[in-house]
Number of protein chains: 2
Amino acid sequence: MAQLDRSLIAGSPTFAGMPPEALDEILAQASALRLPKGEAAFRQGEPAERFFLLLHGRLRVTRLNPQGQQMVARFIAPGDMFGVAMAIQVEAYPGTATAAVDSLALAWPNAVWSALLARHPSLAVKTMQSLGARLQDSQKRILDLSTQQVEQRIAGAVLQLAQQAGRKTEDGLLIDFPLSRQDLAEMIGTTLHTVSRTFSAWEAIGLVECGRQRVVVRDRAGLQKIAKKQD
Amino acid sequence: MAQLDRSLIAGSPTFAGMPPEALDEILAQASALRLPKGEAAFRQGEPAERFFLLLHGRLRVTRLNPQGQQMVARFIAPGDMFGVAMAIQVEAYPGTATAAVDSLALAWPNAVWSALLARHPSLAVKTMQSLGARLQDSQKRILDLSTQQVEQRIAGAVLQLAQQAGRKTEDGLLIDFPLSRQDLAEMIGTTLHTVSRTFSAWEAIGLVECGRQRVVVRDRAGLQKIAKKQD
DNA sequence: TCGCGACTTTGCGCGAAGACAAACAATCGG
DNA sequence: CCGATTGTTTGTCTTCGCGCAAAGTCGCGA
């Protein structure tokens with residue numbers, strides 16, 4: 001395998017601040033994984049044998065319930081660790097991670113995990129914080145699902161995605177990966193129809209601009225107002 | 001303060017397997033906290049200055065959104081750590097923990113946390129696992145909220161509570177703490193009215209038996225069938 | 001023991017949003 | 001360049017469950 005440069009992982013919050021030799025040692029055990037758009041890093045229910053770091057691209061994590069209905073659990077950005085099932089004592093991946101665009105990841109065999117933990121205590125702390133952040137996010141989503149109207153939830157999701165993956169353009173803030181109405185619907189627990197209708201209405205009053213798998217936020221403040229309003 | 005016995009914490013999964021001296025050392029830094037029914041261990045938004053272990057009783061954790069709507073995030077059982085905000089780098093408690101029945105907890109000042117982590121690496125691992133379990137649970141709730149009907153969600157919540165806090169009686173499995181229709185409604189994102197109606201219907205066909213803040217599961221299999229059904 | 005407050009039940013009407021349906025783009029591979 | 005596939009829009013109809021309202025009941029504290 002080609003030599004991997006330590007700069008690949010130094011930028012990730014998980015490994016930030018580690019001495020260069022440690023980074024090299026960690027990298028030596030990783031293998032690179034090319035993920036063309038649409039390909040899965042792992043699938044729900046598969047035995048969790050590896051954990052990953054996304055270097056480039058964007059992954060969509062989906063979960064299927066026993067009745068076959070699907071939801072989008074989260075999007076993974078470059079620098080994020082994912083598939084860390086063994087950290088939380090889970091035997092099988094609880095979801096499926098699919099490349100939303102051509103992506104590149106590093107993968108480590110599970111066995112590496114406990115060795116890393118032992119040698120680098122900061123890793124446990126960082127992982128704890130990352131899990132904590134995801135937990136916070138999940139709790140917020142539960143609260144939103146329980147208490148907010150669909151339109152408010154769509155606004156919230158779009159704003160969050162814009163913040164997480166926004167790229168400035170002349171028109172506004174472009175969400176920088178293909179995002180279908182269906183994806184958005186599965187993120188917030190509604191149907192693509194409702195999302196589509198809402199977008200049409202928003203487009204008419206200049207809040208957003210959108211096309212096929214493409215969303216541009218034109219009026220962030222306006223969306224925030226919708227997300228927060230209570231009537 | 002009265003001397004605390006190490007058996008108090010040895011039973012908690014977080015501290016299980018630690019040598020007795022370590023337990024004693026940890027206990028020495030704890031203070032006991034009596035929580036009469038209705039009293040809060042901490043409130044949402046308060047600066048997080050302590051973390052806790054529930055010894056006895058049951059706490060209800062609620063979250064309020066900016067519009068003032070409330071939800072029940074989880075119930076804390078004896079042996080659970082809670083208020084571990086500092087572990088996930090959060091300045092303020094994200095929710096309010098109220099005693100559902102007279103309860104007893106241990107409390108440690110935040111400063112103890114990093115020292116404990118450094119001396120007892122297993123603590124990080126255990127905390128990670130507990131966060132992981134909560135994350136899994138949250139994700140499941142999101143999936144349910146997004147895809148399941150209200151009746152299925154009520155059934156699911158009741159079954160979960162029965163498993164977590166069930167006590168066998170001659171009539172069936174009693175949920176062993178006061179649980180109002182309102183609580184249940186806030187757990188699954190509906191109104192107390194709908195919960196009440198559903199319970200009336202279930203009671204009529206013998207699935208459950210219930211009274212004021214009281215639920216007894218009579219036909220577990222029947223509830224499971226409702227929870228899983230897809231039509 | 002007797003209120004009073006907290007919790008629960010039940011009825012009714014309405015509205016948000018889901019189901020179904022069908023037409024319409026845009027993209028891609030051949 | 002064309003057809004197939006995938007994604008999007010829009011319309012209509014239906015319905016679940018929420019909002020509102022009011023009455024009923026249980027239990028605790030005075």
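This structure is a prediction, so every number in the text was calculated from the model and none was measured.
- Side-chain N/O atoms of A:T127 and A:S130 include no donor and acceptor closer than 3.5 Å.
- B:F82 and B:F52 have parallel rings, their planes meeting at less than 30° on a 0 to 90° scale where 60° marks the start of perpendicular.
- Residue B:H193 places no side-chain atom within donor-acceptor reach of the base of C:dT8, judged by atom type and a 3.5 Å distance cut-off alone.
- Between A:T194 and C:dA16, a side-chain N or O to OP1/OP2 separation shorter than 4.0 Å is absent.
- For the pair A:V84/A:M81, a side-chain contact is recorded, criterion being any heavy-atom separation below 4.5 Å from C-beta on.
- Atom C1' of nucleotide C:dG18 and atom CD of B:Q148 are separated by 16 Å, given to the nearest angstrom.
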Inset, instruction - Given side-chain contact (heavy atoms from CB on, under 4.5 Å), test B:V158 with B:Q160 step by step and report yes or no. - result: CA-CA 5 Å; B:V158 169; B:Q160 193 210 320; over 6 Å; no

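- We find that CG of A:L184 is positioned 16 Å from C1' of C:dA17, with the value rounded to whole Å.
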Inset, instruction - Take nucleotides 23-30 of chain C nucleotide by nucleotide from the 5' end and write B, S or -, depending on whether a protein heavy atom sits under 4.0 Å from the base, only from the sugar-phosphate, or from neither. - result: --BBS---

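- Straight-line distance from the CG atom of A:L192 to the P atom of C:dA21: 15 Å, rounded to whole Å.
- Although no hydrogens or angles enter the test, the distance criterion places a donor-acceptor pair under 3.5 Å between the side chain of B:S138 and the main chain of B:R134.
- Counting heavy atoms from C-beta outward, A:Q164 and A:R58 have side chains that approach closer than 4.5 Å.
- The backbone N or O of A:K37 lies less than 3.5 Å from a partner atom in the side chain of A:D102, making a donor-acceptor pair.
- Rounded to a whole Å, the CZ atom of B:R197 is 12 Å from the C1' atom of C:dG13.
- Judged purely by atom type and a 3.5 angstrom limit, A:R153 uses its side chain to pair as donor or acceptor with the backbone of A:I188.
- When all heavy atoms of B:I142 and B:S146 are compared, the closest pair comes out as O-OG, 2.7 Å.
- Distances shorter than 4.0 Å separate none of the side-chain N or O atoms of B:S180 from OP1 or OP2 on C:dC7.
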Inset, instruction - Begin from the C-alpha positions of A:T96 and A:V61 and carry the test side-chain contact (heavy atoms from CB on, under 4.5 Å) through to its verdict. - result: CA-CA 5 Å; A:T96 298; A:V61 180; over 6 Å; no

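- Residues A:S7 and A:D5 bring a donor and an acceptor atom of their side chains to less than 3.5 Å of each other.
- Rotation axes derived from the C1' atoms of the five outermost pairs at either end of the helix from C:dT1-D:dA30 to C:dG30-D:dC1 lie 50° apart, to the nearest 10°.
- In the set C:dA17, C:dT8, C:dA19, the nucleotide with an atom closest to the side chain of B:S196 is C:dT8.
- Between B:Q213 atom CD and C:dA6 atom P the separation is 12 Å, expressed in whole Å.
- In summary, contact between chain A and DNA chain D, defined as any nucleotide atom under 4.0 Å from a heavy atom of the protein, begins and ends at D:dT6 to D:dT12 in the 5' to 3' direction.
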